[in-house]
Every structure is written in structure tokens, then in C-alpha cells.
Amino acid sequence: MSNIKTRFAPSPTGYMHIGNLRTALYSYLIAKSNGGTFMLRIEDTDQNRFVEGAMDVIYRTLELCGLNYDEGPDKDMGNGPYIQSQRRDIYIKYAKKLVELGHAYYCFCSKERLDGLREELEAKGLPYEYDGHCKNLSPEEIQKKLDAGEPYVIRQIMPKEGVSEYDDAVYGKITIENSTLEEQILLKSDGMPTYNFANVVDDHLMGVTHVVRGNEYITSTPKYNLLYDAFGWERPCYIHLPLITKEGGKKLSKREGDASFEDFYNKGYLKDAIINYVALLGWSPGGEREIYSLKELEEIFSIKGINNSPAVFDMAKFRWMNGEYIKMMAPEDFHKAALPYYEKCLTRKLDLKRISELLQSRVEVLCDIPDYVDFFENVCDYDVSMYVHKKMKTTVESSLEALQNVIPVLESIDDWQEEKIHSALMEHIAQKGVKNGIVLWPLRTALSGKMSTPGGAVEIAYIIGKEETLARVNNAVNFIKASL
RNA sequence: GCCUCCAUGGUCAAGCGGUUAAGACAUCGCCCUCUCACGGCGGUAACAAGGGUUCGAUUCCCUUUGGGGGUACCA
């Protein structure tokens, strides 16, 4: 048993961003592949951002994906509470300790003064930086303000010279100039900590050894290290993950429906496919295989395989992978999954099981199903030119003839089964001495009105039934005649 | 602006001083075939640029260019 411990520490935003899911996944996999512990902690220190039901989204998504944590809000292993808003006193205690240690100070500057300062600097074209107004208050002054109940924050003291370095497991050595480190706020005036403080205190107190997070924290990590050092705590191993964008380097956005796990899931992407695709976005096992179950990933994942350059979320490949997972489903499972989509567009009595069989190898995303099967319900308007098929050697005229000739053949079939329809049609084709396509292409077109369909003429005829088949062929004959 | 990270085909990527520079998606062509899809076979397509280091750079270093991130009482 290794003593590696990772954590997923989302702030409850109300949805699971795909980038966050990947962070959770990698954290989980790093722990599991090393026989370590995976923990969930909720970072809800920004009270203005409270979102109803947001925690449930986190719990639900992790559970659905199989990213089971060994420790968390509902699994207290002695390091709780695991929800930061319930840890206020802890942060206050450590913030004050940091002041005593000489690494932080009270700041009584009002929001107004800070805003003024910001404007002033901006007007001069200078970047904002806290001016250290409260840094040199005497102990007496501080006590007086404290006694008077003045609101305050606690800021971290930063070195002004030199550089800070640390090793990142994926980026290697990171060097930051200390002069760029701001004297950031550790404890807000409402008594809540900022992320910058809470994550350090909690990670240490909770025994987190490997910090896995997005690379937006890469430049602020030295500030966290200074905190670890000030307390005399051991610094964790850092694993910063490159960002995921969409084509053109744009951000995945919730608004456009391409950013959240649940959007994809609701559209008919399978959770295993999502996990698999996301795992490979920024990480590579090295070989040629690309389809991996979560269990397999738990075995083979390694930090070494994490890429350090940003990755584009490729919708086309994602769809392909989802299609692979759909093809791997047991037929009955696929059928069950497809049923709700049939209900949206099919009211006729049809052999849905057969439709599922025809569909499974064609569908990439479940939500595309209606587009594939809607013609079973009705034939939409289509153009006569569809009867012209170069490879099948059909023309509008040949199609009209073929359809007219095939009507009696279809009428003569009493037992409306696929094999029967097939043999009757083939026999007819043989008799005529024409190529299959001469008859079958127009028939398929007449029955579907589509360029492509799941199944060919025979399958479609079987599924919609004899009566409907004849009705559609007759309609088609009239339609073609009218167009000539 | 300042700081910082990144850079192999359209996309994901392997590579870690000497390779015909893998593989996958997409794309194109062929085969299979009652359409499409699946499946099979094949094609097009990449080391951002310029300097070094070296017998030899995609690989190491520097510069440029391009892109990302940070610069909040958000995380």
C-alpha cells in the first residue's frame, strides 16, 4: 500500500466541466495506479457563488463515472469536514498563526480604497498591485482596529527579490520571479479563506501528497510553496494539467453545450466513451491501443504519459469513439438505450428490435437516432433526382418501370418475412435479367425518400409492413409520373 | 504591459542525438454490398522560423514568431 493521496477539489458550480472531469479522472487514476487514496473535497469558500444543487451534480457525476472516492464529505476518514465552508475556524486559526510567524499581516483597507488604488494605477497604465498600505501598522494600531471591530483581511507577505522554483511532474522545473508575487489575501473579510490559502491548509491537514489541478495554477504555486515553508510543512508533488480547448483554441463553453459532462451525457454520449476520450486528451499510454475501460486505465495510467501541451477537444474523434462504444454494447442494451429515442418519432407499430439491429453499427451518438429512423414513420418530400444513381445505373425512367413491375411481386408475397421478401425480389430480378440495383435502389428510395438508410429495401419493406410498402411504392410511382 | 508555460500532419499523438518520423480521428480512393454504415486494403498530409552545440539534430541551448495561462476579498 503506497501512501500516495490525491484529491479532487471542485468548487460547486452546478455542472461538471469536461476539463474538471479530466482533472478528477487523472487524480483518481494517479491514486489508483499507485494503490493510493483518492479524496473528494468541496471548495465552496466563495459564498457569492452558491448554486443550489451543485454538490449533487458532483456526487452524481463521480458516481456515474465510477470515480469512487475513498474519502469525502459522506465518507469521513478522520480528516473532515471535507466541505471548506465548514472549516472556517481552522483557516482563521492558521491565518493568525501565520501572522504570528511573521509571514502575513492584517489589512484593513476598504474595498473602496482598493478600487481607488486600482483605478489610479490603471489611469497611469500601470498594473494593479496592492501598495502595502497596512503592512507597517504598529501592533498597537492593529489591536486598536481589531478591538474596534474593523473588518480586515489577512495578506501573505512575499519576498521581493530572487526567484522561486519548484518541480512539476509534467512541466519540469518552474521558475518564477518573486517580484511578481502579489501579497495575496489569505483570509477574506467575511472570515472565509481564499482558494490560495484553503487549498494549502487543507491539502496539508488532509495528507494530500499529489496535487493534480489545471495549469492556471502554475504561476501561483510558488506562493503556496511559501505557505508550506512558512508553516514548516512538506510541499506536495505538483501535477499541473494542460488546458483543453476546442477548435481554434477557443474555450469549451457551457453555453454552447460543449463543455459539460451532462450535456454530452444527455445527448447520448456513453459515460465510458467520455471517460476514455477524456483520458486520452493529454495523456497517452504509448502504444497503439485507444480503447480502454476505467479498470484498465487504473492499471496502466502513469504520470509520465501526461502531455504538457494544450489539447483540442476533437468532436469528430469523440463521436467516433462513442460509436465504438455503441458497437461494443450488447444488442439488448443498445435496444434499451435506443427505445426512448424511437418514442420521440415513431408511433407506428414496428419491429423496433430489428431496427435496433440495423442501427447499432451506424449510430455514433444516441441523439442522432431520430434522424436515422424518422422515415419509418413518414416519407418526407424528396427530389426525383434521387432515383438517378450512377453506380446503380438507374434513371428516373428505369426507376418508374422497376417500381411498376415490382408492385405485383410485392402483392404476391403472403408471408411478409424478410427472407420471403428477399427471395421474391431476387427471383424477380433474375427473371428480368437486370442488376440488383436497377430494382432495389428505386425501391429503397421509394420506401424511404432518403439517400441512406439503416438497412436496404428488403429490411425496410419488412419493417414498415406490406400495406405501407405498397402504399409507398404507389405514391412513388405517381410522384415520378407527375414529374416527367 | 509584466510574469510564465507550450510548439511533430486539420485534430489527438508516439518519439526522448543517428528512424523509410509510428498509430488513431478526419479526408481521399478501392474492395465488400440491395443504399448508407460496419469491416478490409491503400493514398494525401507534420517536426513553426533562424541561429548555435555536435561527426550528426524533430530530439539539447538561445532568439524570433505563434498560441495558452496568470496578474481579484474567483477558484
Side-chain angles (χ1 to χ4, degrees), chain A residues 9-11 13 43-46 48-49 107 109-111 114 118 125-130 151-155 168 171-172 174-177 179-182 184-190 192-196 198-199 213-220 240 242-243 245-249 251 277 280-291 305 307-321 323 327 358-364 372 386 389 391-392 422 425-426 429 435-445 448 450-461:
Chain A
S11 64
T13 57
E43 309 219 324
D44 60 343
T45 55
D46 187 354
N48 301 323
R49 284 209 198 175
C107 171
C109 292
S110 66
K111 187 97 172 56
L114 262 20
R118 190 184 310 273
L126 294 170
Y128 167 76
E129 189 184 10
Y130 179 61
Y152 65 89
V153 302
I154 290 180
R155 309 184 90 112
D168 185 274
Y171 287 94
I174 305 287
T175 308
I176 309 277
E177 289 178 39
S179 60
T180 66
L181 271 23
E182 328 92 81
Q184 61 183 357
I185 290 171
L186 266 18
L187 202 68
K188 301 186 261 190
S189 54
D190 64 359
M192 278 293 192
T194 57
Y195 168 87
N196 304 316
N199 95 85
R213 57 168 50 138
N215 79 1
E216 65 267 29
Y217 295 107
I218 241 177
T219 48
S220 40
H240 286 106
L243 192 76
T245 67
K246 59 180 162 189
E247 294 88 49
K251 285 184 182 170
Y277 182 71
L280 258 32
L281 251 198
W283 172 79
S284 167
E288 290 183 5
R289 185 141 83 101
E290 296 201 291
I291 303 294
N307 207 321
N308 62 0
S309 47
V312 172
F313 192 97
D314 184 354
M315 208 49 90
K317 182 151 187 177
F318 182 37
R319 287 180 60 91
W320 165 78
M321 186 169 279
K327 274 174 271 188
L358 295 169
L359 218 47
Q360 192 166 357
S361 71
R362 290 162 228 260
V363 171
E364 284 189 321
Y372 280 104
M386 222 183 274
H389 193 291
K391 208 173 132 214
M392 296 294 120
H422 184 263
L425 251 19
M426 286 311 176
I429 286 166
K435 293 197 64 167
N436 293 346
I438 291 290
V439 177
L440 267 11
W441 173 265
L443 181 56
R444 208 200 106 266
T445 305
S448 67
K450 287 200 168 190
M451 285 301 287
S452 72
T453 50
V458 174
E459 288 89 348
I460 296 170

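By convention in this document, chain letters (A, B, ...) are assigned in the order of the sequence lines, proteins followed by strands, and residues within each chain are numbered from 1.
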Could you state the CD-P distance from E182(A) to rU4(B), rounded to the nearest angstrom? 14 Å
Nearest-nucleotide check on RNA chain B, E364(A) vs I174(A); residue mapping nearer the 5' end is I174(A)
All N/O pairs under 3.5 Å across the protein-nucleotides 11-15 of chain B interface:
| unit_1 | atom_1 | unit_2 | atom_2 | d |
| --- | --- | --- | --- | --- |
| rC12(B) | OP1 | V312(A) | N | 3.1 |
| rC12(B) | O2' | L280(A) | O | 3.3 |
| rA13(B) | OP1 | G282(A) | N | 2.6 |
| rA14(B) | OP2 | N307(A) | ND2 | 3.4 |

Side chain of D46(A): nearest nucleotide among rC34(B), rC74(B), rC38(B)? rC74(B)
Straight-line distance of N308(A) CG to I218(A) CD1, nearest 0.5 Å: 9.0 Å
Compare side-chain N and O positions of T219(A) against OP1 and OP2 of rU71(B) and report whether any pair is under 4.0 Å apart. no
What integer number of Å spans the C1' atoms of rA46(B) and rG15(B)? 13 Å
Just jot down the ring pair (Phe, Tyr, Trp, His ring centres under 6.0 Å) partners of Y171(A), sequence neighbours excluded, or say none. none
Between CD1 of I429(A) and P of rU33(B) the distance, given in whole Å, is 14 Å
F313(A) vs F318(A) aromatic rings, parallel, tilted or perpendicular, using cut-offs 30° and 60°? perpendicular
Mind checking who rU54(B) pairs with, Watson-Crick or G-U wobble, both distances under 3.5 Å? none
Side chain of N308(A) (C-beta onward), nearest among rC6(B), rA37(B), rA75(B): rC6(B)
Among rA75(B), rC25(B), rU4(B), the one nearest any side-chain atom of W320(A) is rC25(B)
What I want to check is whether an N or O donor and acceptor connect the side chain of T453(A) with the base of rU35(B) at under 3.5 Å. yes
Which listed nucleotide (rC74(B), rC36(B), rC73(B)) is nearest to the side chain of R49(A)? rC74(B)
What distance, rounded to whole Å, do you find between the two C1' atoms, one in rU11(B) and one in rA26(B)? 8 Å
To the nearest angstrom, how far is I176(A) atom CD1 from rC2(B) atom P? 16 Å
Once you apply a heavy-atom cut-off of 4.0 Å, does T175(A) come out as touching a base, just sugar-phosphate, or nothing? sugar-phosphate
Assess whether one donor atom and one acceptor atom, taken from the side chain of R444(A) and the base of rC34(B), lie less than 3.5 Å apart. no
In whole Å, I'd like the distance from the CG atom of L443(A) to the C1' atom of rU33(B). 16 Å
Side-chain contact, heavy-atom cut-off 4.5 Å: I429(A) with L440(A)? yes
Which nucleotide wins on minimum distance to the side chain of L114(A), given the candidates rG69(B), rC38(B), rC73(B)? rC73(B)
Considering residues at least two apart in sequence or located in another chain, which fulfil the salt bridge (charged side-chain N to carboxylate O under 4.0 Å, His left out) criterion with D168(A)? none
Under 6.0 Å from the six-membered ring centre of Y130(A) and within 45° of its axis: does the NZ or CZ of R155(A) meet both? yes
Apply side-chain contact (heavy atoms from CB on, under 4.5 Å) to the pair H240(A) and I174(A), showing each step before the final yes or no. CA-CA 11 Å; H240(A) 286 106; I174(A) 305 287; over 6 Å; no
Considering just the side-chain nitrogens and oxygens of K435(A), establish if one lies under 4.0 Å of OP1 or OP2 belonging to rC34(B). no
With a 3.5 Å cut-off and heavy atoms only, can you find an N or O donor on one side and an acceptor on the other between the side chain of Y128(A) and the base of rA72(B)? no
Begin from the C-alpha positions of D314(A) and Y277(A) and carry the test side-chain contact (heavy atoms from CB on, under 4.5 Å) through to its verdict. CA-CA 10 Å; D314(A) 184 354; Y277(A) 182 71; 3.5 Å; yes
Applying a 3.5 Å limit to both distances, which nucleotide forms a Watson-Crick or G-U wobble pair with rA7(B)? rU65(B)
Winner on side-chain proximity to L243(A), out of rG69(B), rC73(B), rC5(B), is rG69(B)
Span that lies between the C1' atom of rC6(B) and that of rC47(B), in whole angstrom: 15 Å
Give a yes-or-no answer on whether the side chains of R49(A) and S11(A) include a donor-acceptor pair shorter than 3.5 Å. no
Please report the distance separating the C1' of rA13(B) from the corresponding atom of rA22(B), rounded so that it comes out in whole Å. 10 Å
Closest nucleotide among rA75(B), rU35(B), rC34(B) to the Y217(A) side chain: rA75(B)
Rounded to whole angstrom units, what separation is found between the NE2 atom of H240(A) and the P atom of rC5(B)? 13 Å
If I pick the C1' atom on rC16(B) and the same atom on rU59(B), what distance separates them, to the nearest angstrom? 6 Å
I438(A) CD1 to rC34(B) P: how many Å, rounded? 13 Å
Integer angstrom distance from the P of rC32(B) to that of rC41(B): 15 Å
Among the candidates rC36(B), rC73(B), rC34(B), find the nucleotide nearest to the side-chain atoms of R362(A). rC36(B)
Toward the 5' end of RNA chain B, which comes first, Y171(A) or G456(A), by nearest nucleotide? Y171(A)
Base paired to rG1(B) (Watson-Crick or G-U; both N/O distances under 3.5 angstrom): rU71(B)
Closest to the R118(A) side chain, choosing from rA75(B), rC38(B), rC73(B): rC73(B)
Considering Watson-Crick and G-U wobble pairs with both distances under 3.5 Å, what does rG39(B) pair with? rC31(B)
For M315(A) against E247(A), the heavy-atom pair lying closest together: N-OE2, 3.9 Å
Who does rC47(B) pair with, Watson-Crick or G-U, both distances under 3.5 Å? none
Of the nucleotides rU4(B), rA37(B), rC34(B), which has the atom closest to the E177(A) side chain? rU4(B)
Please report, rounded to the nearest Å, how far the C1' atom of rG68(B) is from the NZ atom of K246(A). 16 Å
Could you state the atom-to-atom distance from NZ of K391(A) to C1' of rC36(B) in whole Å? 11 Å
